**Student:** 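Shown below is the structure under consideration.
Numbered from 1 within each chain, the chains take letters A, B, ... in sequence-line order. As the structure is a prediction and not an experimental result, all values here were calculated from the model. Heavy atoms only: backbone and side chains are in, while hydrogens, waters and symmetry mates are out.
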2 protein chains.
Amino acid sequence: MKITMKDIAKEANVSVATVSHVVNGTKHITEEKHKRIMDIIRKYNYIPNSTAKNLRKKTTMTAGLVVSSFPDSFVTEMVYGIEERAREMGYNLLLVNTNENRDYEEETVNLLYSKMVDGIILSPTSNDIDYLNAYTENGFPIVLVNRSSPVVKNAPSVTGDNFQTGYDATTHLIKHGHKNIGFIYAVPDVSTTNHRIDGYKTALAQANLPFNEDLLELGFATVNGGANAVRSLLAREKDITALFIQNDLMLVGVISKLRELSIKIPEDIALIGFGDFASSTIIDPPITNIVLPPETIGRTSFDVLMSKINNPDYSKHIELPPTLIVRKSCGC
Amino acid sequence: MKITMKDIAKEANVSVATVSHVVNGTKHITEEKHKRIMDIIRKYNYIPNSTAKNLRKKTTMTAGLVVSSFPDSFVTEMVYGIEERAREMGYNLLLVNTNENRDYEEETVNLLYSKMVDGIILSPTSNDIDYLNAYTENGFPIVLVNRSSPVVKNAPSVTGDNFQTGYDATTHLIKHGHKNIGFIYAVPDVSTTNHRIDGYKTALAQANLPFNEDLLELGFATVNGGANAVRSLLAREKDITALFIQNDLMLVGVISKLRELSIKIPEDIALIGFGDFASSTIIDPPITNIVLPPETIGRTSFDVLMSKINNPDYSKHIELPPTLIVRKSCGC
DNA sequence: GATTTACGGTAAATGGTTTTACTAAGGAGG
DNA sequence: CCTCCTTAGTAAAACCATTTACCGTAAATC
């Protein structure tokens, strides 16, 4: 049978209040009683019941973390950063992966709310998440991470600067003389993709190059997804000389497929990938990537959640800048 | 202000018990009252407080997941499997990464216990975890995953068959004529490493080859860690003709370093890696890996936790077999 | 017609803690 | 000696739900 504060109090011949004060140091208790109580606590290896404590204190020191595409490598690193920062701040994390399912996301937020988490860090499945406003407008702290959404009010966000990401990658390829740049992506209708496409378009426009919608290719975020995407893209658009690929797994598929088709990288088709994964350096040719800092995004988002919890008016949209890591696949 | 069952009851002119019965379907309530109550619940968007519920019911539908080396790719896939299975079973997961810190692991188990999780899935930092027995002997459900430990009683485990992993990889290299096989690993004093070394030794013994302790090299589980490990290993042992590397990041470092030293793979040194990561196929030469199924290990471990929760006597040690994925780096 | 049984509903206890408001006792100051 | 603080300790309320035990009433059974 589980031992409670009441049991300790009884054995020590004091009130539960006194035991509570000893446990939490909320009031000075005479040396003698303090020792007596502590001895009994240790004797029984008493561990206070946080659930009861949470109920009373209306706080759980737990945050919800809702991600949409675990275990994508970017998301994984981000989760790592969030978990680490949470741990440093004495918080625990309730992790849920929605697998890009919007309805399940909504259910999950409900569930986490009912579990009385102190706040939620959410990487939404889509832009269509106005259900969140019911929470945020009531002052429940929610911060958007990685992906943002224009429809939700009163929720700070921490993301990469995806416009700049699309812009920088595209501009770099344009500088190499490319005019027909394929854009391969994995998730439609989310800010990450949309903003990168905006950046892509803007870079083209600034170079007086036309935007061709057919150069955009959606695929699954897997190796095969990448292979299939590049196959159908190349079948449709013969003049492509460069590819900007938004996902590391897809990139592997793309490379396989290009080799299979005896298309040389970067001579025939230049490549820029997204996200710095370890083997980029040892692939032939070494891959040029544009990267955003997932761990920093994660850590920052937790800090923002803390700010939001402590100050309901807190409202910032933080965008972290990308870095282009130039190697050989872009033709440099 | 948060709305409670009491508020609903008041507005509906019924007792809280009745509201509870409507919410949980625990008793039949007349159509008319049922509707009246449900309408009010919807009107206020009432969400029951799980903390109060948990306190009363002594169960939280939440499990603790304590991993030691997130975001290692194997562990990440495993976490994915666990999370997915938990979700399917209506459970939530409290995720904590101990970063190979044994003391923090102990603290964490305490914390999770106090949070009244229904059980814990733990990937321990070391073999030295007898503190766990205080929990398991009291019937608190703990299952060990990925790594097991001989000192903890009454805790089922789900791991890969690491003995076989070490044995199969080594045997394969021996068949290619290799006699001096380096073994590069990242974590000392854990079952995964120890069992693989046992398998390595057994394979050597069966081939009447001597075991040389100096062929074992410990390094950090990073790209640089791999590069450093292979450098110091080769400086010490000139005759090495094959390497078995336990970690994908280290493998990348090893390949970089070997190329830097103009050592050809597999002609000069053959390679077997652990774990199937996507780019294995596009690296030159394609990497031969021995793999264990992290997602299945994860899913299974959650099922085992369910079994343990429902039956305190449940006690199984499940080991999943490895598969050798032969490509070119081993010289095949 | 007497006795069960079923049904709908509720009061109150319960879960384990925190926290407020109060008491009693001892000490200081005048 | 009286008053005023301070201090150590405690009783009880609060947190928000679930669940047991019970109470009428009406229907069913013999």
**Student:** Within the structure shown, what part of the strands sits under 4.0 Å from A/V14 by heavy-atom distance: base, sugar-phosphate, or nothing?
**Tutor:** sugar-phosphate
**Student:** Do A/E11 and A/Y44 have side-chain heavy atoms sitting under 4.5 Å apart?
**Tutor:** yes
**Student:** Any side-chain N or O of B/T30 below 4.0 angstrom from OP1/OP2 of C/dG9?
**Tutor:** yes
**Student:** Tell me the interatomic distance from A/M116, atom CE, to D/dA17, atom C1', rounded to whole angstroms.
**Tutor:** 12 Å
**Student:** Find the distance A/R36:CZ to D/dA8:C1' and express it as a whole number of Å.
**Tutor:** 13 Å
**Student:** Between C/dT17 and A/Y46, is there an OP1 or OP2 to side-chain N/O distance shorter than 4.0 Å?
**Tutor:** yes
**Student:** With nearest nucleotide decided by heavy atoms, which residue, B/H21 or B/L55, maps closer to the 5′ end of DNA chain D?
**Tutor:** B/L55
**Student:** Please determine, for the side chain of A/K57, which listed nucleotide (C/dT19, D/dA17, C/dG9) has the closest atom?
**Tutor:** C/dT19
**Student:** Where the side chain of A/R56 is defined as all heavy atoms beyond and including C-beta, which of C/dT17, C/dT10, D/dT19 is the nearest nucleotide?
**Tutor:** C/dT17
**Student:** Answer yes or no: is there a side-chain heavy-atom contact under 4.5 Å between B/R85 and B/M306?
**Tutor:** no
**Student:** Taking the side chain of A/T4 as its heavy atoms from C-beta onward, which of C/dG16, D/dA11, D/dC16 lies nearest to it?
**Tutor:** C/dG16
**Student:** Taking any heavy-atom pair under 4.0 Å as a contact, classify A/H28: base, sugar-phosphate, or nothing.
**Tutor:** sugar-phosphate
**Student:** Quick one: which of D/dC15, C/dT19, C/dG8 gets closest to the side chain of B/K27?
**Tutor:** C/dG8
**Student:** CG of B/N49 to CE of A/M116: how many Å apart, nearest 0.5 Å?
**Tutor:** 5.5 Å
**Student:** In whole Å, what is the span from the NZ atom of A/K58 to the P atom of D/dA13?
**Tutor:** 19 Å
**Student:** Measure NZ/B/K2 against C1'/D/dA14 and give the value in whole Å, please.
**Tutor:** 16 Å
**Student:** Measure the distance from CD on B/E32 to P on C/dC7 and round it to the nearest whole Å.
**Tutor:** 19 Å
**Student:** Can you tell me which nucleotide in D/dT18, D/dG9, C/dT17 comes closest to the side chain of A/I29?
**Tutor:** D/dG9
**Student:** In terms of side-chain heavy atoms of A/A17, which of C/dT19, C/dT17, C/dG8 is nearest?
**Tutor:** C/dT19
**Student:** Which nucleotide in the set D/dA17, D/dG9, C/dG8 lies at the smallest distance from any side-chain heavy atom of A/T18?
**Tutor:** D/dG9
**Student:** Going by an N to O cut-off under 4.0 Å, is there a salt bridge joining B/D303 and B/R299?
**Tutor:** no
**Student:** In whole angstrom, give the distance that lies between atom CG of B/N24 and atom P of D/dT18.
**Tutor:** 4 Å
**Student:** Taking CG from A/N54 and C1' from C/dG16, how many angstroms apart are they, rounded to a whole number?
**Tutor:** 11 Å
**Student:** NA contact type, B/S20, heavy-atom cut-off 4.0 Å: base, sugar-phosphate, or nothing?
**Tutor:** base
**Student:** Side chains of B/R87 and A/N97: does their closest heavy-atom pair fall under 4.5 Å?
**Tutor:** yes
**Student:** More than 12 heavy atoms of other residues, nucleotides or ligands under 6.0 Å from CD of B/E88: yes or no?
**Tutor:** yes
**Student:** Tell me: NZ of B/K33 to P of C/dC7, nearest whole Å?
**Tutor:** 17 Å
**Student:** Start at the 5' end of DNA chain C and walk down; is the nucleotide closest to B/T51 or to B/S15 reached first?
**Tutor:** B/S15
